[in-house]
Amino acid sequence: MRSRRPGAAPRAPPIPPVPPVPPARAAALRRRLLAWYDASRRDLPWRAPQGAADPYRAWLAEVMLQQTRVEAAIPYYRRFLEAFPTLEALAAAGEEEVLSRWAGLGYYARGRNLLAAAREAVARHGGLPATPEALRALPGFGPYTAGAVASIAFGVRAPAVDGNAARVLARLFRIEGRPEERAVRERILGVAARLVPAGRPGDWNQALMELGATVCGRAPACGRCPVEPLCEARRAGRERGIPPPRRHPAPALLRVACAALWRDGRLLLVRRASRGLLGGLWELPGVTLHGADPARAAVRRALRRDLGLEASVGRELAAVERQLTHRRLQLIAYEIRSVRPVPGTGKPPGKSVPKPVPGTEHRGRAGPAGPAPGMRSRPVPGPVPGTRWISPDALEGVAISTAVRRLVEALAAARAKE
DNA sequence: AACCCGGGGTT
DNA sequence: AACCCAGGGTT
């Protein structure tokens, strides 16, 4: 520590540089970690027995693994690959079809971006491009996924730093501070870029992540760690404090009231807008409640505005509550006693629909439906754009969130008891 | 930089 | 209940 000379200007705290990565240390880390990976890597469906992975499969796995644990993604990966075995098959698919295979996985923009990127890759490159820069230009490819696919599938010497790798590297090089801050992130990325070996970039990146997932977690098992002797956080006794935990505000409550419209044992579903919460998925027609909104009146207004239906709203039939990361989602379904078309709105032209507060809208449709679906009378049973009737025991193939699935199941159970 | 986006497991 | 997960997009 050098003392400041009298008269010298007080210096702002220096920006910490990327920690040095001596070649000998890099070589030791690579040797030990790759040996450990060869011996104890998990047998995952998208991993080739040896060598480079199939680009399409590696990409699909990476997207499904975004913010999603390996064990949770595996069954989805198998089913998705069965439906869309190749990049070309995916590119030729429809969004509804893709989203129905994604249903339950969450973060549905991943599914939509996956389809858009597949189409773009086939059209512009005749397949997935090999460089991180070209991949990065496709929807759904951020820095991590671009580096992961380039290194794992194409052998490009690019880093791929996910949450696991970031934690491992921060500990190995004792990088203190919050990884959300740019300076900290740049130091981690700097170390990562210097460490990737030219020989086995994909295995190296996966080894870092694998170590973070199985050994170097929030509560690290240093006794099983192949690089413990090289870990500066461990040497300083700081392994448990790096990285510091993030804090999130308590999730807000989102109350949604909806209508259980039955016809011939089937329920009416409407489609949500493709952006925002649960974008592009099907749900019961309804509305988000604000404050102490009376639920039944709100449902009545929503049916009139969105579907052109005059309805009599009955009692509560079912309710479910789901915990999302950032929301407590509460769904309440009400009985619909009778329903008839609002006079004069059978063929609404460009009727102005009140614009919902962004992020709180609970209708997926651009405008009112055409012919009203009658309950007893059956005026025009033809399909209405943006709506569909589904049987509760035929939910496979329907793009529907877990929350709405639970609600539909509860409604079917309540109906069965009558 | 801050916020949004699901669902589920671990501690 | 807090925290996290093979992150990316938008503002």
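Below, all heavy atoms of this structure are taken into account, side chains as well, without hydrogens, waters or symmetry copies. Predicted model only: the values in this text are computed from it and were never measured. Proteins get letters first, then strands, A, B, ... in listed order; numbering begins at 1 in each.
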By ring pair (Phe, Tyr, Trp, His ring centres under 6.0 Å) - contacts of A/Tyr144 (at least two apart):
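Applying ring pair (Phe, Tyr, Trp, His ring centres under 6.0 Å) to A/Tyr144 gives none.
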Can you list everything that forms a salt bridge (charged side-chain N to carboxylate O under 4.0 Å, His left out) with [X]? Sequence neighbours excluded, please.
X: A/Glu62; result: none
X: A/Arg266; result: none
X: A/Asp38; result: A/Arg200
X: A/Arg178; result: A/Glu180

Given atom [atom1] of [X] and atom [atom2] of [N], what is their separation to the nearest angstrom?
X: A/Leu331; N: B/dG6; atom1: CG; atom2: C1'; result: 13 Å
X: A/Glu321; N: B/dG7; atom1: CD; atom2: C1'; result: 15 Å
X: A/Arg327; N: B/dC4; atom1: CZ; atom2: C1'; result: 8 Å
X: A/Arg272; N: B/dC4; atom1: CZ; atom2: C1'; result: 13 Å
X: A/Leu281; N: B/dC5; atom1: CG; atom2: C1'; result: 12 Å
X: A/Leu324; N: B/dG9; atom1: CG; atom2: C1'; result: 15 Å
X: A/Leu254; N: B/dG6; atom1: CG; atom2: C1'; result: 13 Å
X: A/Tyr108; N: B/dC4; atom1: OH; atom2: C1'; result: 16 Å

Under the side-chain hydrogen bond (donor to acceptor under 3.5 Å, both in side chains) rule, what pairs show up with a residue in residues 241-259 of chain A, not counting sequence neighbours?
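Residue pairs with at least one partner in residues 241-259 of chain A: there are none.
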side-chain hydrogen bond (donor to acceptor under 3.5 Å, both in side chains): which pairs involve residues 123-136 of chain A, sequence neighbours left out?
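Residue pairs passing side-chain hydrogen bond (donor to acceptor under 3.5 Å, both in side chains), neighbours aside: A/Glu120-A/Arg124.
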Closest nucleotide of DNA chain B for A/Gln323 versus for A/Arg185: which of these residues is on the 5' side?
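First, find each residue's nearest nucleotide; the 5'-ward one identifies A/Arg185.
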For DNA chain C, the residues among residues 188-198 of chain A that have a non-hydrogen atom under 4.0 Å from it:
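Of all residues in residues 188-198 of chain A, none places a heavy atom under 4.0 Å from DNA chain C.
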With a non-hydrogen cut-off below 4.0 angstrom, is A/Gly104 in contact with a base, only sugar-phosphate, or nothing?
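Sugar-phosphate: the residue A/Gly104, judged by heavy atoms under 4.0 Å, touches backbone atoms but no base.
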Over all strands shown, is A/Leu329 touching base, sugar-phosphate only, or nothing at heavy-atom distances under 4.0 angstrom?
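Touches nothing.
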N/O donor-acceptor pairs under 3.5 Å from side chains in residues 162-172 of chain A, not counting sequence neighbours:
| unit_1 | atom_1 | unit_2 | atom_2 | d |
| --- | --- | --- | --- | --- |
| A/Asp162 | OD1 | A/Asn164 | N | 3.3 |
| A/Asp162 | OD1 | A/Ala165 | N | 2.8 |
| A/Asp162 | OD2 | A/Asn164 | N | 3.4 |
| A/Asp162 | OD2 | A/Asn164 | ND2 | 3.3 |
| A/Asn164 | OD1 | A/Arg167 | NH2 | 2.7 |
| A/Arg167 | NE | A/Cys216 | O | 2.7 |
| A/Arg167 | NH2 | A/Gly212 | O | 2.8 |
| A/Arg167 | NH2 | A/Cys216 | O | 3.4 |
| A/Arg171 | NE | A/Glu239 | O | 2.8 |
| A/Arg171 | NE | A/Ile242 | O | 2.7 |
| A/Arg171 | NH1 | A/Cys216 | O | 3.2 |
| A/Arg171 | NH1 | A/Gly217 | O | 2.7 |
| A/Arg171 | NH2 | A/Gly217 | O | 3.1 |
| A/Arg171 | NH2 | A/Arg218 | O | 3.4 |
| A/Arg171 | NH2 | A/Glu239 | O | 3.2 |
| A/Arg171 | NH2 | A/Ile242 | O | 3.3 |

Just by modelled atom types, is the A/Leu281 backbone N or O under 3.5 Å from a matching donor or acceptor in the A/Arg272 side chain?
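Not confirmed, A/Arg272 side chain does not pair with A/Leu281 backbone.
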Contacts of A/Arg235 that satisfy side chain to side chain contact (heavy atoms under 4.5 Å, CB included) - sequence neighbours left out
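If we apply the side chain to side chain contact (heavy atoms under 4.5 Å, CB included) test to A/Arg235, skipping adjacent residues, the hits are A/Glu232.
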Do A/Trp204 and A/Tyr37 have ring centroids that are under 6.0 Å from one another?
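No; A/Trp204 has its ring centre 6.0 Å or more from that of A/Tyr37.
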Among B/dG8, B/dG6, B/dA1, which is the nearest nucleotide to the side chain of A/Arg182?
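The listed nucleotide nearest to A/Arg182's side chain is B/dA1.
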Using a 3.5 Å limit on both pairing distances, list the dot-bracket string of DNA chain C from the 5' end; Watson-Crick and G-U wobble pairs count, crossing pairs take [ ], interstrand pairs take |.
|||||.|||||
Salt bridge check, A/Arg41 against A/Glu210: does any charged N sit closer than 4.0 Å to a carboxylate O?
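Salt bridge flag = no for A/Arg41 with A/Glu210.
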Nucleic acid footprint by protein, nucleotides 4-11 of chain C - heavy-atom cut-off 4.0 Å, B for base, S for sugar-phosphate alone:
BBBBSSS-
At under 4.0 Å, does any side-chain N or O of A/His326 touch on OP1 or OP2 of B/dC4?
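For A/His326, the contact criterion (side-chain N or O under 4.0 Å from OP1 or OP2 of B/dC4) is not met.
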What interatomic distance, in whole Å, is found between P of B/dT10 and the corresponding atom of C/dA6?
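C/dA6 and B/dT10 have their P atoms separated by 12 Å.
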Quantified in whole Å, what is the C1' atom distance between nucleotide B/dG6 and nucleotide C/dC3?
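Each nucleotide's C1' atom is 16 Å from the other's.
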